[in-house]
Structure formats: structure tokens, C-alpha cells
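Following: one structure in C-alpha cells, then a few remarks.
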Amino acid sequence: MEPFRRLDAVAVPLGEPNIDTDRIIPARFLSRLRSVDHAPFLFHDARRLPGSDDENPAFPLNRPEWRAARIVVAGRNFACGSSREAAVWALYDHGVRCAVAPSFGDIFRNNAMKNGLLPVALPAEAVADLLAQLEARPGATVSVDLPAQTVTFPDGATHGFDVDPFDKQCLLEGLDELAYTLSLTDEITAFERRMGRENAPP
Amino acid sequence: MPAQAPRTLFDKIWAAHVVDTLPDGTALLYIDLHLTHEVTTPQAFEGLRAAGRKVRRPEATLAVVDHNIATDETRRTGIGDAESRLQVETLERNVSEFGVPYIPLLDDRQGIVHIIGPELGRSLPGMTIVCGDSHTSTHGAMGALAFGIGTSEVEHVLATQTLLQKPAKNMRVSVDGDLAFGCSAKDIVLAIIGKIGTAGGTGHVVEYAGDAIRALDMAGRMTVCNMSIEGGARAGMIAPDQTTFDYIARTPYGPKGEALEGALRWWRTLPSDEGARFDREVTLDAHAIAPQVTWGTSPEDVLPITGTVPDPDEAGDEARRAQLHRMMEYMGLQPGQRLQDLPVDVVFIGSCTNSRIEDIRAAAAVARGRKVAEGVRALVVPGSGLVKKQAEREGLDRILREAGFEWREAGCSMCLGMNPDKLKPGQRCASTSNRNFEGRQGQGGRTHLLSPAMAAAAALAGKLADVRDWQPKGTA
């Protein structure tokens with residue numbers, strides 16, 4: 001996993017609440033391995049005019065100022081719904097490394113952390129303020145500092161955010177959780193013995 | 001926590017599965033049962049293979065195909081879509097290589113992963129159960145801690161039989177009183193989501209309690225727990241009781257004899273202690289719940305069937321107004337429209353929310369002796385091959401077919417738009433599934449979520465209808 005430390009990047013406002021993972025990547029694109037570039041599937045249907053392959057010019061990610069956005073700022077309960085990790089892959093392959101919202105779908109948050117995409121939860125008023133700034137100045141940049149746990153808005157205001165220490169360490173070091181857990185194999189084996197959950201003999 | 005402090009059902013199951021705790025409180029949690037399907041596993045097995053790792057406990061893993069497959073006769077002649085076919089073939093290769101028990105497509109026990117776990121007696125009280133699917137919360141109805149995970153976590157569980165998890169907060173939703181005429185478990189859970197909102201349970205594990213929940217059969221409890229994720233909760237659970245134990249005794253692979261007696265001694269200690277602390281409590285009056293139907297593109301946008309489409313201009317703030325306008329445009333609705341006047345093109349009775357035998361009985365009771373309205377396509381998709389056989393033994397398939405419903409093979413079908421059963425753009429569907437998201441049932445499709453009996457009534461009426469006006473003719 002690519003480490004995450006600091007990010008200064010264009011932020012795109014997607015201010016609606018409850019943007020679900022079906023909208024981030026429709027189910028018909030879930031039959032692909034991770035090695036496939038998932039960027040073309042990001043908001044696939046929302047980015048197009050209904051019943052056509054033509055771009056919907058009103059969709060924020062289609063606007064020239066926001067095409068290269070690496071930060072998504074969204075309404076409450078961002079990426080709720082399905083557990084599909086491809087929602088993270090689509091954002092990541094597009095270049096997005098951070099999502100800011102008042103709250104996130106729980107599974108998306110976990111999936112994001114495991115792929116080096118930082119979910120930042122800020123109070124609803126702060127997110128509303130940030131959305132307004134981004135709408136007023138399309139293409140404005142936002143700075144995210146993970147070691148300091150701060151987000152700096154285009155107007156210079158800085159907001160702190162919470163992140164669990166273990167998640168922070170994994171992101172900062174690009175640490176693979178699985179490798180960490182495998183270092184606890186003896187503890188897992190001891191637990192299985194204690195709790196009677198050993199493999200049945202062949 | 002002091003040893004004597006009263007604990008919740010969630011606290012007890014959590015504590016019994018902690019292998020190790022990190023300084024920041026993150027727990028290494030042991031997983032008892034790992035359910036897998038074709039869509040969220042290929043990358044996980046690929047990761048194991050690349051690192052030369054094994055599946056730590058194959059016999060604590062169960063694989064089945066459900067999402068991608070056709071639910072008509074074409075399933076016997078092979079999957080048409082090349083990518084879907086590849087995913088199914090990949091799962092078959094992976095389970096064979098890694099020694100994971102697998103229920104093949106043409107096995108009677110095949111079905112939706114969340115239907116077959118409880119049905120076969122694999123999902124049991126006190127267990128930790130995960131699956132790469134958000135509706136894993138369904139299994140919480142057994143008195144288990146069950147939640148959905150992503151593909152990286154699937155690989156983690158395959159390799160280690162554990163997950164690194166943050167402790168969740170406890171929330172209790174109590175539904176008291178008798179359920180009103182015409183209402184079912186689906187109406188309860190839709191009403192709960194309408195009350196708490198789709199982010200209402202974020203960061204919490206919800207325990208459903210109260211006499212209306214206790215009175216539900218296991219199918220109803222699974223319907224309620226299934227949609228916990230639509231209320232934002234990672235998991236939903238219901239304390240195991242005699243209803244649970246009687247259900248398990250009838251399953252093919254549940255513990256029997258002495259093993260069952262031993263298990264029961266533990267299971268009886270699981271319900272939340274008197275005085276256990278919940279971080280959040282919500283209560284609903286069951287009798288006040290009317291048959292529910294969603295009108296928007298989020299499950300929280302739900303109303304009684306007697307309701308009318310809301311007026312965006314009466315919404316509290318600008319963001320909500322914009323959201324309502326967008327939803328109405330997508331759904332093809334006008335403010336003030338009566339929900340009961342909305343014509344439907346398709347009716348879908350199925351999905352991990354509502355495809356158990358009890359759901360099919362409820363639909364058949366309404367459909368018996370009546371006809372699906374002209375121009376309406378109505379599908380009934382049993383949740384498993386065993387449900388299908390049971391329904392056929394009871395003659396429910398005949399009742400439904402005579403009424404004009406299609407009677408299909410088991411699978412996820414029209415719930416999620418990734419197999420041949422899809423809505424066409426603009427089609428309006430009365431659906432017993434769990435998500436009304438934009439494009440969920442097919443690009444441009446319009447979904448109204450409701451109960452199986454309400455869905456059957458909609459099929460007969462050709463529009464959303466109040467099931468209380470469509471009472472069974474004679475006895476089903």
C-alpha cells in the first residue's frame with residue numbers, strides 16, 4: 001500500500017447526502033480483477049446523460065476545474081451501501097486519495113484505509129463551509145496533513161480530525177494489515193486451542 | 001470493564017472472540033464462519049496465491065454462487081455474460097485449489113449466501129460471521145455478530161481467520177406492541193430506517209428488541225437484521241430464544257444431541273443482561289406502523305402506502321431541497337402524487353431480504369385466485385433451492401404461476417443489476433429487496449421497496465397498492 005502523509009490537491013464538491021457505492025461504481029463493473037484500471041467506472045452512470053454515453057456537463061467531475069481532483073468532499077453518509085471494495089478502487093484509480101464528509105459508510109471507511117485512501121470525518125458545519133468555498137472557487141485546493149491530523153480549507157482555516165492510531169500508523173507507513181496479523185499467528189493458534197476451534201483432523 | 005458489569009449481547013460475543021487487543025483498542029477478532037461468493041473473492045484468493053498462503057480454516061468457510069447467475073433455465077446451459085462466467089469459474093477453481101467447501105450452482109442447497117447460512121444450520125448463535133457482502137447482517141437474527149467486509153478483509157480472514165476491528169457502540173431499537181393488520185417484518189424495518197435515517201446506526205451494532213420483535217418468526221427476524229446496513233449500522237442482532245433454538249433444531253447441519261445441549265447452555269447466557277448500557281436507544285410503537293413503501297432513492301425516503309410524494313419546497317434546507325428534486329426527477333414523480341396511483345412495470349419478490357418460504361407464502365396468499373395486471377412482469381425468485389422445493393411441495397409455485405407470476409431458480413436476481421434480471425431504463429418496480437439506489441436494479445430503473453404481500457398486491461393492481469385492500473381469497 002502506498003503511504004499517505006500529506007496531500008495538497010484540488011477538491012471536488014459532491015455535496016449530496018447518502019451517495020451510495022452503487023452510484024460510485026455500478027454493479028455491472030464488479031466482475032473485474034484489481035489489476036484492471038477502475039477509473040473509467042467511477043460514477044459511470046452519474047457522469048453521463050441518461051440513456052446516452054455523452055458526458056453530463058453538470059456533473060462536477062466532468063467540469064475542467066475538477067477533472068483532476070484528488071480529494072472528494074461529500075455530504076453525510078458518503079459511500080454507504082454495498083461492501084464493494086471496487087468503490088475505493090475506482091476512486092483511487094482516478095487519483096482520489098482523500099474523502100472528506102460528515103460521516104461515511106462503515107465498510108467503505110475500512111476498505112478505504114486498507115487501500116491508502118484517507119477518510120476524513122469533519123463536523124457537518126465545517127463540511128458545509130468547505131463545500132461552499134469549493135463551489136465559489138472551482139479548482140481550489142485543500143491541504144490534508146495526516147501526521148498533524150489537520151485539513152486546511154481554501155480560505156486558510158484549519159480543522160483537526162480524528163483517526164485511530166493503528167489506522168494512522170498503517171497509512172503513514174503504507175503498512176499491510178495482513179502482514180501485521182500474520183505476526184500474531186502464535187496468538188491465533190493459542191486462541192484456537194483454548195476455544196476448541198482447531199481444524200478437524202483430516 | 002469490571003467483570004460484573006451488565007453486558008449486551010454484542011459485548012458478550014465480542015469478548016468471546018478477542019484474540020488480542022492493540023494499545024489503541026483495536027481488537028484482533030476471531031471469525032467463526034466465513035461465507036464467500038463469486039463477486040468479492042477473486043482478488044482475495046489471488047492475493048493468497050501470490051503470497052503462497054493457505055486458507056487457515058477451510059471448514060470454517062463456505063462458498064456459493066449467487067450474485068452473477070441467471071435465475072431461469074439458462075443457468076443449466078452456462079452463463080452468457082463472459083465476465084460473469086469467468087467469475088463463477090474462478091470461484092470454482094479457487095475453492096478447489098484452497099479446499100473450501102462449495103455448493104455448486106445446480107445443487108439443491110444453492111442459494112443466496114444469506115439465505116443458506118441460517119437455513120443449513122451453519123449460522124448459529126454466539127458466532128462471529130463475515131462475508132464480502134453488506135447484507136451479512138442478516139445472520140444477526142440468529143443471535144450472532146455478523147457483518148459485511150470488503151475484499152481486502154476477505155483475504156485477511158481467509159489467511160488468518162481473524163479481522164482487525166474497532167469496538168462498535170451499542171444501540172437498541174425496541175419495537176413494542178402488536179403489529180397492525182397487513183404489516184410484516186419488512187414494514188417494521190422500513191419504519192425503523194425512516195425514523196433513524198440511513199446514517200442513524202453508523203458506528204453502532206443494533207440490537208432489535210421489544211415484544212414485536214420477539215413475536216417474529218426467524219424469517220421475519222432475518223428481514224429486520226438484513227436491512228441494518230440501510231440504517232447505517234454495521235450489524236444488527238436479535239437475542240436468541242426458543243424461536244431460534246427450535247429453528248436450529250430443524251436445520252440439516254445444525255448441532256444435534258449432546259452438541260446441541262452443550263451449545264444451548266452457552267446460547268442461553270447470550271441475551272443482554274438486565275441493566276446493560278446502550279449508547280443509544282430508539283423505540284417504536286408497532287401498532288402505529290402502516291404498510292410501508294419507499295418513494296425516493298434512499299431507503300430512508302419511506303412513507304405509509306396511504307402517503308403522497310413530498311413537496312421539495314417544504315423541505316427544511318437547501319441541500320435537502322436539491323436532493324428531493326434530484327430524487328423526484330430520477331424517480332419520475334411529482335409532489336403530492338398519491339403513492340397508490342403509481343403504475344408499476346415490474347414486480348420483484350426475492351433477495352436476501354425477502355425470499356424465504358414465509359415470504360413466498362405471504363405473496364401466494366395474496367395472489368391466490370387472482371391475476372397479475374396486464375403489462376406487468378412479476379417475478380418470484382426463491383432464496384435457495386431448498387426454499388423452492390418447499391414452496392413446490394406446498395403448491396405455492398402453482399398458485400403464483402396461475403396468477404401470472406414467473407417462478408424462478410434461486411439467486412440474487414433483480415436485487416442488484418449484475419445478472420440477466422435487470423430493469424430497463426425508466427421501468428418502475430415494486431421490489432421486496434433492500435436498496436432503492438439509482439440504477440441499483442438496472443441502469444435508469446426506479447425501485448420502490450416494500451413487503452412481499454405488498455409486492456404481490458402491486459402486481460395484481462398494476463400499481464402500488466395497499467395490501468389491506470387485497471386480502472386473501474379463502475385460505476392459501
Side-chain angles (χ1 to χ4, degrees), chain A residues 15-18 20-23 26-35 45-46 50-51 75-77 80-88 102-108 110-111 114-115 128 131 164-169 177-178 180-182 184-185 187-188 190-192 195 197-200, chain B residues 16 19-20 22-26 28 30 32 39-40 42-43 46-47 56-57 59-60 68 81 83-84 86-87 132-134 148-153 155-156 159-162 164 166 198-199 202-203 229-230 232-234 298 300 319 322-323 326 416-418 425 435 437-440 443-444:
Chain A
E16 259 185 274
N18 295 326
D20 56 74
T21 52
D22 276 78
R23 200 157 359 142
R28 62 186 186 279
F29 302 118
L30 299 186
S31 305
R32 280 115 173 131
L33 275 178
R34 179 69 190 97
S35 49
D45 296 346
R76 74 175 159 85
N77 205 24
C80 58
S82 155
S83 67
R84 58 191 70 176
E85 196 156 327
V88 177
S103 59
F104 295 89
D106 277 338
I107 306 177
F108 173 84
N110 282 351
N111 289 341
K114 286 170 180 62
N115 286 275
L131 286 166
D164 287 305
F166 180 71
D167 288 337
K168 182 176 178 178
Q169 186 193 347
E177 273 192 10
L178 180 50
Y180 173 81
T181 301
L182 286 166
L184 298 173
T185 298
E187 281 81 354
I188 297 170
F191 178 92
E192 286 176 335
M195 305 301 279
R197 288 193 182 83
E198 292 150 290
N199 282 343
Chain B
V19 175
D20 198 20
L22 279 59
D24 76 342
T26 303
L28 187 64
Y30 197 77
D32 292 320
V39 176
T40 53
Q43 188 62 41
E46 193 57 39
R56 185 174 174 88
R57 282 188 67 204
E59 83 288 356
N68 258 331
D81 177 62
E83 278 166 338
S84 295
L86 179 63
Q87 241 174 15
D133 189 285
S134 58
I149 57 178
T151 296
S152 296
E153 291 177 311
E155 183 181 348
H156 194 280
T160 69
Q161 207 58 40
T162 65
L164 288 157
K166 318 277 179 239
T198 47
T202 304
I229 185 84
E230 275 65 53
R234 189 76 184 278
S298 172
E300 69 188 5
Q323 186 201 14
R326 183 191 155 85
L416 83 166
M418 72 176 301
R435 290 193 173 129
F437 299 162
E438 280 184 28
R440 171 73 180 184
Q443 197 175 351

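Chain identifiers are assigned alphabetically (A, B, ...) following the order of the sequence lines, protein sequences preceding nucleic acid strands; residue numbering begins at 1 within each chain. In what follows, every heavy atom counts, from backbone to side chain, and hydrogens, waters and symmetry copies are set aside. All values derive from a computational prediction rather than experimental measurement.
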* For B/N68, is it the side chain, the backbone, both, or neither that has a heavy atom closer than 4.5 Å to a heavy atom of chain A? -> side chain
* To do: Apply side chain to side chain contact (heavy atoms under 4.5 Å, CB included) to the pair B/Y30 and A/E192, showing each step before the final yes or no.
  => CA-CA 9 Å; B/Y30 197 77; A/E192 286 176 335; 2.4 Å; yes
* Do you know which two heavy atoms are closest between B/A159 and A/L178, and how far apart they sit? -> CB-CD1, 3.8 Å
* Structure fact -> In terms of heavy-atom contacts, B/M418 and A/A27 come closest through CE-O, 3.6 Å
* Looking at B/D20, B/V39, B/L22, which has the largest count of heavy-atom pairs under 4.5 Å with chain A? -> B/L22
* Asked: Can you name the nearest heavy-atom pair linking A/R32 to B/Q87, along with the distance?
  -> N-NE2, 4.3 Å
* Asked: Can B/I229 and A/I107 be said to form a side chain to side chain contact (heavy atoms under 4.5 Å, CB included), step by step?
  -> CA-CA 10 Å; B/I229 185 84; A/I107 306 177; 4.0 Å; yes
* **Over all atoms of both residues, closest heavy-atom pair of A/D106 and B/G232** => OD2-O, 3.8 Å
* Using only heavy-atom distances, determine whether the side chains of B/Q161 and A/R197 contain a donor-acceptor pair under 3.5 Å. => no
* Sub-4.5 Å side-chain heavy-atom contact between B/I149 and A/N110 -> no
* Non-hydrogen atoms of A/F191 and B/V19 that approach each other most closely -> CG-CG2, 3.7 Å
* Is there a donor in the side chain of A/N18 and an acceptor in the side chain of B/E300, or the other way round, less than 3.5 Å apart? -> yes
* To do: Say whether A/E85 and B/S152, considering side chains only, have a donor N or O and an acceptor N or O under 3.5 Å apart.
  => yes
* Asked: Can you name the residues that form a side chain to side chain contact (heavy atoms under 4.5 Å, CB included) with A/S103, not counting sequence neighbours?
  -> A/R76, A/N77, B/A199
* Asked: What part of B/R435 is in contact with chain A, defined as an atom under 4.5 angstrom from a non-hydrogen atom: side chain, backbone, both or neither?
  -> side chain
* To do: Can you sort out the partners of A/S82 under side-chain hydrogen bond (donor to acceptor under 3.5 Å, both in side chains), two or more places apart, ordered by chain and number?
  => A/R84
